[in-house]
Amino acid sequence: MLLSSSVQRLRSYTAVRAGSARLARRGYASTAMPPNVNLPQAKTGVPNYALFEQRLAMVRSLVFQDRPMTLAEKILYAHLDSPESLGSTPVRGETYLNLRPDRVAMQDASAPMALQQFALANMPQTAIPASIHCDHLIEAWEGGESDVTHSWQTSRETYEFLQAAAAKYGIAFWKPGAGIIHQIVLENYAAPGTLMVGTDSHTPNAGGLGMLAIGVGGADAVDAMAGIPWELKAPRLLGVQLRGHLGPWCSPKDIILHLVGQLTVKGGTGYIIEYFGEGVNSLSCTGMATICNMGAEVGATTSVFPYGPAMRRYLKATERAKVSEGADWAQSDYLAADAAVQASPEKYYDKVIDIDLSKLEPSFNGPFTPDLNTPLSQIKDAAKTNGWPQDVKAALIGSCTNSSYQDLSRAASIARQAAARGVRVPEGTQFLVAPGSEQIRATMERDGMMEAFEAIGAKKLANACGPCIGQWNRSDEKVVQEKLPNTIVSSFNRNFRARNDGNPNTLNFLTSPEMVMLTALSGKLGFDPEIDTLRDAEGNELNLEPPAGDELPAKGYEAGRAEYQPILKYDSDTEIKYDPNSRYFAPMQPFPRWDGKDYVNLPILIK
Ligand code: SF4
């Protein structure tokens with residue numbers, strides 16, 4: 001039955017092939033791989049939508065018996081290694097799928113092991129495009145450039161290894177200071193309907209641009225780079241329907257903070273979260289990326305939004321108009337769930353959650369876990385009840401979650417109101433801002449945002465992870481030296497104990513950049529702009545207006561400094577030098593070939 005060749009199925013398959021040819025003639029794609037597809041790229045090329053649709057049509061017809069499909073299913077099954085051999089309808093949560101990702105992204109803490117393993121494959125270059133991003137090893141200390149320079153002293157061996165490996169295998173190399181992996185991927189490599197694996201848990205950020213982007217371990221990335229089909233258990237599907245509009249003080253961060261609170265840190269395990277509904281249309285592309293980013297906090301395989309106008313605008317603004325033209329062509333058939341799914345979501349998703357955006361309020365998740373969600377209206381009482389210090393020692397805007405132009409422009413609009421009345425961040429509260437990429441830094445500086453932040457006392461950090469990954473030199477502070485309880489607020493995505501500064505008694509509350517800004521200005525947890533006021537330089541009350549920011553820069557993005565553009569070198573003769581005294585790097589030796597006998601009586605090292 002499943003693989004029968006009924007006339008109708010044959011016709012539909014033939015029709016798709018004809019459609020592919022049409023698309024190819026229009027210059028969007030062809031089913032043949034273009035030459036040089038895996039040479040290092042500064043930006044993604046136009047995805048092969050014709051091929052995806054052709055493969056999808058085969059699976060739809062031969063395996064799914066033409067039943068309506070969700071967006072996540074379409075992207076997954078269009079990337080099957082061998083759609084012809086799937087055989088029977090896959091069972092979510094049980095069947096293993098062999099997939100062919102389009103791209104790999106790696107950050108500097110996880111890439112070294114992956115590339116040392118990849119070297120064993122003895123391949124002249126990676127089978128698919130890949131990129132390396134140096135973002136995790138820069139310590140936030142004196143700020144900006146000085147911290148990048150310092151990281152070359154502390155991590156030179158890693159950077160040089162990665163740069164040499166990138167050149168040898170044809171991988172794009174983004175130097176320290178260029179930006180955070182997920183922001184760079186969104187700006188340059190994410191493309192609707194494509195599949196990426198990344199050696200970082202917040203890889204799903206690219207779902208904001210309609211990509212199925214999955215965080216994996218290094219060995220999985222090696223499979224993908226070596227051209228071996230990558231195995232994934234068919235995920236269950238969680239549909240999240242968004243209705244209405246966010247209120248003036250709310251932002252996309254509040255949607256995901258609310259959802260994480262509902263689902264808990266384990267509630268998304270084994271699921272892909274797929275968003276749909278009219279509320280999606282009110283969100284920016286980078287806002288959707290924020291939401292997908294923190295899907296990792298519920299353990300979801302990944303999260304994804306359907307292709308729409310906000311993605312089109314973002315692709316054009318980031319110099320990928322051709323990608324948006326291709327996506328426009330593929331939009332209704334491939335880049336959204338089928339209409340029947342949207343009409344009766346409960347029939348096609350394993351679970352459905354409905355969120356009315358107009359009912360959300362700004363909120364704070366924490367401390368010590370990202371799923372303890374407290375709305376702004378309740379946070380003061382919760383702090384008193386739980387003994388959380390209400391004085392805030394540090395307020396941090398940044399990380400891959402919330403460092404877009406829109407995030408920073410909305411926060412800057414609050415900073416400007418304060419600066420105009422002589423209000424500064426109070427003594428005793430540190431206010432730190434880390435742009436997500438060199439492009440964001442240059443654009444926000446050109447548009448006066450950094451000036452607004454600095455006018456109220458901000459310190460600018462490098463375009464990197466910094467305090468989000470614990471690279472925060474806070475050692476001169478008493479609270480850290482003596483491991484005292486202290487409260488910080490951040491626009492980050494994770495807040496497990498000691499993650500940020502090594503102090504297990506630092507309480508980090510995750511919130512939106514707008515709420516971080518308000519908290520910084522008041523120095524108190526729970527400042528509510530609809531009730532509370534600031535005091536200006538003359539002691540008069542200052543009522544803050546809701547934030548106003550631009551989704552995209554009106555004057556376009558600035559590229560930033562040339563030294564932070566990617567290195568796109570490919571020379572397979574590049575030598576990777578190993579220091580015999582290195583504590584980190586050594587050429588790996590392959591395991592001896594398996595002798596065909598089972599291993600028995602092996603000790604269990606960890607459970
Ligand atoms: Fe990970 Fe934070 Fe860096 Fe994002 S900013 S990649 S969450 S360490």
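Read the numbers this way: they start at 1 and go in the same order the structure lists the ligands and their atoms. Just the heavy atoms: all of them, side chains too, but no hydrogens, waters or symmetry mates, feed the values below.
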Is the shortest side-chain N to carboxylate O distance from E454 to K460 below 4.0 Å? no

Does the side chain of H79 pick up a donor-acceptor pair with the side chain of D102 at under 3.5 Å? yes

How far is atom 1 (Fe) of ligand 1 from its nearest protein heavy atom, and which residue and atom name does that atom have? H136 NE2, 3.9 Å

Is the shortest side-chain N to carboxylate O distance from R561 to E438 below 4.0 Å? yes

Among E297, K253, H202, whose side-chain hydrogen bond (donor to acceptor under 3.5 Å, both in side chains) with N493 holds? H202

For the pair K393 and E477, find out whether any cationic side-chain nitrogen is under 4.0 Å from an anionic carboxylate oxygen. no

Below 2.8 Å of atom 4 (Fe) of ligand 1, tally up the protein N/O/S atoms for me. 1

Donor-acceptor pairs under 3.5 angstrom involving side-chain atoms of residues 109-119: please list them, not counting sequence neighbours.
unit_1 : atom_1 : unit_2 : atom_2 : d
S110   : OG     : Q107   : O      : 3.4
S110   : OG     : Q107   : OE1    : 3.4
S110   : OG     : T199   : O      : 2.7
S110   : OG     : T199   : OG1    : 2.7
Q116   : OE1    : A586   : N      : 3.3
Q116   : NE2    : P112   : O      : 3.2

